[in-house]
Amino acid sequence: MKTLTMFCAALVAACVGIAQGPATTTGQASGKGAGKVAPRRPDQSPASQPRPKSETSQTYPAEQVRQGGMRFAAQCGFCHGRDAAGGESGPDLTRSKLVAEDTRGDKIGTFLLVGRPDAGMPAYKLSDEELIAMVAFLHDQMDKFATLGGGRRSVDPSDLATGNAADGRAYFNRTCSGCHSPAGDLAGVAKRYQGLALIRRMLYPSGNPAPSPPKATFTLSSGQTITAPLAAEDEFTVTIFDPLGGRLTYQKDKVKVKIDNPLSAHFVQLGKYSDSDMRNVYAYLDTLK
Amino acid sequence: MRTFSNIALLIAVVSMRIHAQYADPKELLKPSPDAWLTYHGEYNGQRHSKLTEITPENVAKLKQVWRFQTGQTQAIKASPILMDGVLYVTLPDHIWAIDARTAKQLWHYEHAKNNAFHIGHRGAAVYKDTVYLTTPDCHLIALNAKDGKVKWDVVIADSSNGFWSTNAPLVVRNRVMVGVAGDFDNLPGILKSFDADTGKLQWTFYSTPPPGGTEPKSGGATGGQMWTTGTYDPELNLVYVGTGNPTPVLNGDARPGDNPWTCAIVALNPDTGKLVWGFQVSPHDTHDWDAAEVPVLVDAEFNGQRRKMVMQASRNGYFFVLDRTNGKSLLTKPFAAVNWAKGIDELGRPIPDPAKEPRRDGVLIAPNEAGATNYRPPSFDPKTGLLIVNAQDGYGIYFFKPDHGAYGWAGADYNVAGKSYLRAIDYKTGKIVWDHPIGDNAGGAGVLTTATGLTFSGDNSGNALALRTSDGGTLWHENIGRMQGAPITYLLDGKQYVVVGGGSSLCAYGLTEGQAAK
């Protein structure tokens, strides 16, 4: 019974999707699905940007900074470093835009409640007191590092400028032009992304916004097919976005569904690139300003 | 001889019944089916249970019997211990004793607040009436198994230098062996053995030279931390431990040579802490690929000859089979996407390609830093000869330039993408027999196999899974939150239970009355 209702809801949602044309609803729906977090700017890695500074000057009692540092080291230090300047897997928070734009926890607090689980950042529930201590520590570190310069995990755009753009274009034409074009989806890509952000996006353009999110195509008993943007999938369920950004989950054994993920081709390509291919294609994309 | 050991076992079992919450050290050698007394269940690290009540035919009817909520935000990454009907489960700074019949909390011990890394905890250990807990700030604490009262509390290493501990101790006779972790500082690799009764230090093994040491062969490398639980062969009286990556982590120029004994399987005498042999699975590692994965001990045929083997599916993407009497290689084969080695040397070690060392303009590397596998324990099924491992085909980009220095991480690396699988490796050939996809990026669940041909584990979306060991087909699933430890199984009042962690909860599963026979 429940499944039936769910399915009808999806049918309605998906039909709306068809009316609007799947290509355009896709991006909107996924954007709204992630709408609770302050929408992330295009996937610009902090390590390749000039170091930001806290936008509003903020001072915190030394004891608060110390308390925040203790908690940060214990809970966050493994990924982000004890000093918040980057650890085993997490970014350098002393270069974080979110921290720079935060005032007394208004951005950091909201973010921590949700986290970014798909990227490995869990949600944290902190008391007001714990949160403000953490915020105090992060702003204090950001200010300290702003005067120090350097950066342990830094990758500058100039570091990556060793490829040959002409060879990169030839490789692109052979390998990538089936899905991408320099005058179409990639026009101006080097204006939007530079350095590490561009090369990561070139290798595997996941993240938010995804340029071309995966789609789920349902085949109904009538033979009609309905396509909707995919929100999540596992062995047993498929979750799609409805046009309002809500999520609907179906049991795979109750529906006939096929997933089409354009990222699959990127994953296969990762096993084929030589390092010089990678640098050459990067050099070519870097000319698309 | 056999009768004698059976009598000894009987005495052990009887004495266990008399003393509630008591594990005779001899029982650790041959745990009874109604116990799970060590991190791996048995010293050999196979995580294979001989229990037969739950079968491929009835596993679809598994029902949750209870769910114990720790009330903490961190995920359970531990294997619980079951001793005399009491489960001991840990999180960083925490241990709970719960009644395995009702999930009622019997006691809870919380360690003092500290600022060492709280990234996970692998579990406790037991000996006689004592439970041992390591803490993030590198204490080893002995607790009374009955009430959680502290018996003694010793420091393994100084956490203010950058050490932390997540380790489930390995107990052999009266020796409690514990390791630490520490990748963000240039620190020597330390494994210590403490007297199980008194907490007195018995020995220290250094995988890399201690500060002020004169041993030149490490090439200036520090690191090689032994942060996961080893295995033990009582006949050879050898303990096998995987060692971590060298530090500085990504800057290989600062530490020329192979950097022994980092990224190695080492065989130690548990009575002296002396190295008997070592085998480096990643000579001169520059990608953070700890060889800390479980060295699984298997006695079986290899190339027509009966062998005592140790095998490891390693974070660097290669599967190794060694003769565990002497550390000589029998087989080295990739089991996941790899692109960093030029070949295999005459000792059976992958030869790192210098062109794949981190560099200023980046190199694309498989596996990524999370590895082709990691701390999550695999399981060996003796009937099929399959090692079932939570594996990842992953790619990352690695950078190093002189600005990154020669201390701690000393470089930059970023994940690109990964896909993970429960993957069955035939130990005789290294061939992949089946792959069961479990989602994007690295998985977290360990593996348990049973004698009826079942494999228990979890996927990346929070489903606990039971698969058919022979072909990886799904037989049962239930979404309980992401599994980050390894399942265990035991008999309680004659019934078989499977216990798994999902998120920050621990869940027990069993068959209801009458289903077992079906």
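Just so it is clear: chains get the letters A, B, ... in the order the sequence lines come, proteins before strands, and each one is counted from 1. Quick caveat: nothing in here was measured; it's all calculated off a predicted structure.
The residue among A/Glu235, A/Arg71, A/Lys125, A/Glu233 with the most heavy atom pairs within less than 4.5 Å of chain B is A/Glu235. Ranking B/Asp413, B/Leu250, B/Asn115, B/Ile438 against chain A, the residue ahead of the rest is B/Asn115, based on heavy-atom pairs under 4.5 Å. Of the listed residues (B/Lys113, B/His436, B/Gln74), the one with the most heavy-atom contacts under 4.5 Å to chain A is B/His436.
With a 4.5 Å cut-off on side-chain heavy atoms, B/Ile397 and A/Leu196 count as touching. Looking only at side-chain heavy atoms (C-beta outward), B/Lys401 and A/Ser154 come within less than 4.5 Å of each other. In this structure the side chain of B/His118 never reaches within 4.5 angstrom of the side chain of A/Phe78, judged on heavy atoms.
The number of heavy atoms from other shown groups lying within 6.0 Å of CD (A/Glu129) does not exceed 12. Heavy atoms from other residues, nucleotides or ligands lying under 6.0 Å from CG of A/Asp253 number more than 12. The number of heavy atoms from other shown groups lying within 6.0 Å of NZ (A/Lys252) is above 12.
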**Prompt:** Do A/Asp159 and B/Arg359 pass the salt bridge (Lys or Arg N to Asp or Glu O under 4.0 Å) test, and can you show the C-alpha distance, the side-chain angles, and the key distance before you say yes or no?
**Reply:** CA-CA 9 Å; A/Asp159 293 338; B/Arg359 46 185 266 175; over 6 Å; no

**Request:** Kindly indicate, with the supporting measurements, whether the criterion ring pair (Phe, Tyr, Trp, His ring centres under 6.0 Å) is fulfilled by B/Tyr395 and A/Phe267.
**Result:** CA-CA 9 Å; B/Tyr395 298 85; A/Phe267 192 79; 5.6 Å; yes

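In this structure, chain A has no heavy atom under 4.5 Å from any part of B/Ala366. In this structure, chain A has no heavy atom under 4.5 Å from any part of B/Asn368. With a 4.5 angstrom heavy-atom cutoff, B/Leu465 touches chain A only via side-chain atoms. With a threshold of 4.5 angstrom between heavy atoms, B/Phe399 approaches chain A through side-chain atoms but not through N, CA, C or O. In this structure, the portion of A/Ile199 lying under 4.5 Å from any heavy atom of chain B is its side chain and not its backbone. Contacts between A/Met70 and chain B at a heavy-atom distance below 4.5 Å involve backbone atoms as well as side-chain atoms. Using a 4.5 Å cut-off between heavy atoms, B/Leu364 contacts chain A through both its backbone and its side chain. Looking at B/Asn339, neither its backbone nor its side chain comes within 4.5 Å of chain A, counting heavy atoms on both sides. Contacts between B/Asn114 and chain A at a heavy-atom distance below 4.5 Å involve the backbone alone (N, CA, C, O).
The two atoms that bring B/Ser461 and A/Asp234 nearest to each other are OG-CB, 3.2 Å, heavy atoms only. Nearest heavy-atom pair across B/Asn463 and A/Phe236 is ND2-CD1, 3.6 Å. Here the closest heavy-atom approach between residue B/Arg360 and residue A/Leu160 is recorded as O-CD2, 4.4 Å. Nearest heavy-atom pair across B/Asn415 and A/Arg200 is O-NH2, 3.1 Å.
Distance check: B/Phe117 CZ to A/Gln75 CD gives 12.0 Å after rounding to the nearest 0.5 Å.
The stretch residues 275-287 of chain A participates, sequence neighbours left out, in these salt bridge (Lys or Arg N to Asp or Glu O under 4.0 Å) pairs: A/Asp275-B/Lys356, A/Arg279-B/Asp361.
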